Amino acid sequence: MITPQENFDLQPYNSFALQVRARYFCAAQSLAQIQSALEFAQANTLPLLVIGGGSNLLLREDFPGLVLQVALQGIETLSVDAHSAVVRAASGENWHQFVCHCLEHEYFGLENLALIPGNVGAAPIQNIGAYGVEVKDFINEVTVLDIDSKQVQTMSAQACEFAYRDSIFKGRLRARKIVLGVSFSLHRQPQVNCSYQGLAHALPQDGSTPSPQQVFAAVCSVRRAKLPDPAQLGNAGSFFKNPIVAKAVYTSLQSKWPEIPGFAVPQEPQSIKIPAAWLIDQAGWKGKSRGGAQVYEQQALVIVNRHNATPLDIEELATAIIDSVWKRYQVRLEPEVQWVPAFDSTQ
Ligand code: EPU
């Protein structure tokens, strides 16, 4: 049995540090507690919001139902030999701590994803990625609880339909499954990925192949230099996705803006990914504010809570950026952060 707390302050549970409240809140440390929380929500016909670390959320108003934080803990090695290891982590484990655990045990592959805020359970939902690596490349299986049937199910990586910052959990299965744990297939022999421009300069320049520990250290230093620490300045990482456009659209943008950066998209040879940060930066948004919300000076893709921002301040700033980028480039930015209630692109 679990007894949710009433009229609960969510400020410590969202990395924007917005002052919003939940009608009910509980943190579940076991499957039984999750099931009990679901029964409570259903018995009282309450809307349900499942959260992990709260680091990719824009809570636009007080939540009128039950906020359920999945706080399951535990990391176990399921199999290991000289070449590979399969490691399972429970949803509520902190992502960065899990990356450190893997590196300490010489389970390699996740080093580029160091310092991403949030918990393990969110990793498959939005297919977290950074510095040339996406978590989908290492996910073996995802264990979920089906909200309707209350059955625990195992989904293969293929069944998760991973794409750039996307998965079936954001699409067809949105709000239908609760991620309980994730198993990862990792390397035992170092296989570093230093392909991302911007990472190389933080690595030793002596021509040697960097070790996974060096890549980890480089990623941490680049992230610390560019991205604000949510513990010090409220934010939710990249606020927008990098838009993916048809090659022809990119070519026509290039004729007007010759410096516009563009990157190939794996599995989509006819498309180009444009850094949203460049579009926003060139449109003059760096450092601009609406109320207490501000576009971060060091990285135009991040919106920060500079002075007690309200959800509306963030929303107005984000909407003004979307409109301005649309007017200038005819490219439609989409939030990467999950809005609750959901973002409506027709607004
Ligand atoms: N740029 C600007 N102005 C800026 C910042 C960047 O013009 O203020 C341009 C530069 O041309 C730069 C390019 O944008 O080369 C790309 O910038 P950066 O390498 O910083 O990466 P990003 O596209 O801004 C993405 C992810 C980040 C991830 C980094 C590193 C998305 C939405 N964001 O950012 O993920 O850490 O790459 O791999 O894909 C997150 O999802 O929360 C996140 C932080």
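These figures come from a predicted structure and were not determined experimentally. The residues of the chain are indexed from 1 along the displayed sequence. First listed ligand is number 1; within each ligand, the first listed atom is number 1.
Ring to ring, Tyr24 and Phe40 are close: their centroids are under 6.0 angstrom apart. The distance between the ring centers of Tyr107 and Phe184 does not fall below 6.0 angstrom.
Close contacts of ligand 1 with Gly237, meaning ligand atoms under 4.0 Å from a residue heavy atom, involve 42 (O). Close approach of ligand 1 to Arg223 is summarised as follows: ligand atoms under 4.0 Å from at least one heavy atom of the residue are 36 (O).
If you check which protein heavy atom lies closest to atom 18 (P) of ligand 1, you get Tyr196 OH, 3.5 Å. The protein non-hydrogen atom at the shortest distance from atom 15 (O) of ligand 1 is Gln197 OE1, 4.2 Å. The shortest contact between atom 1 (N) of ligand 1 and any protein heavy atom is with Ala277 CB, 3.7 Å. For atom 16 (C) of ligand 1, the closest heavy atom belonging to the protein is Pro275 CB, 3.9 Å. Of the protein's heavy atoms, Pro261 CG, 3.7 Å lies nearest to atom 11 (O) of ligand 1. The protein non-hydrogen atom at the shortest distance from atom 39 (O) of ligand 1 is Tyr164 OH, 2.7 Å. In this structure, atom 4 (C) of ligand 1 lies nearest to the protein heavy atom Asp281 OD2, 3.6 Å. Protein heavy atom at the shortest distance from atom 20 (O) of ligand 1 is Gln299 NE2, 3.0 Å.
Close N/O approach between Lys286 and ligand 1 is found [any backbone or side-chain N/O within under 3.5 Å].
Using a 4.0 Å cutoff on heavy atoms, Gly198 does not count as a contact of ligand 1. Using a 4.0 Å heavy-atom cutoff, Phe240 is listed among the residues neighbouring ligand 1.
With a heavy-atom cut-off of 4.0 Å, Ala300 touches ligand 1 through backbone and side chain alike.
Across the listed options Glu336, Arg165, Glu134, Arg165 owns the non-hydrogen atom lying nearest to atom 35 (O) of ligand 1. In the candidate list Ser238, Gly132, Ala130, Ser238 is nearest to atom 43 (C) of ligand 1, counting heavy atoms. In the candidate list Asn56, Val222, Asn242, Asn242 is nearest to atom 25 (C) of ligand 1, counting heavy atoms.
None of Asn7, Leu46, Leu66 except one satisfies the side-chain contact (heavy atoms from CB on, under 4.5 Å) rule with Arg23; the exception is Leu46.
Looking only at distances, no side-chain donor or acceptor of Gln214 sits under 3.5 Å from a matching main-chain atom of Pro210. Without hydrogens or angle criteria, Arg328 side chain to Ser324 main chain gives no donor-acceptor distance under 3.5 Å.
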Salt bridge (charged side-chain N to carboxylate O under 4.0 Å, His left out) for Glu297 and Arg306? Distances and angles first, verdict last.
CA-CA 11 Å; Glu297 279 112 340; Arg306 179 63 72 186; 3.4 Å; yes
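In this structure, Leu68 and Leu48 have side chains that are in contact, with non-hydrogen atoms separated by less than 4.5 Å. Side-chain contact between Phe138 and His187 is present, with heavy atoms from C-beta onward closer than 4.5 Å.
The closest side-chain donor-acceptor pair between Ser271 and Tyr250, if any, does not fall under 3.5 angstrom. For Lys286 and Gln299, the side-chain atoms include no donor-acceptor pair closer than 3.5 Å. With hydrogens and angles left out, the side-chain atoms of Gln126 and Asn56 include a donor and acceptor closer than 3.5 Å.
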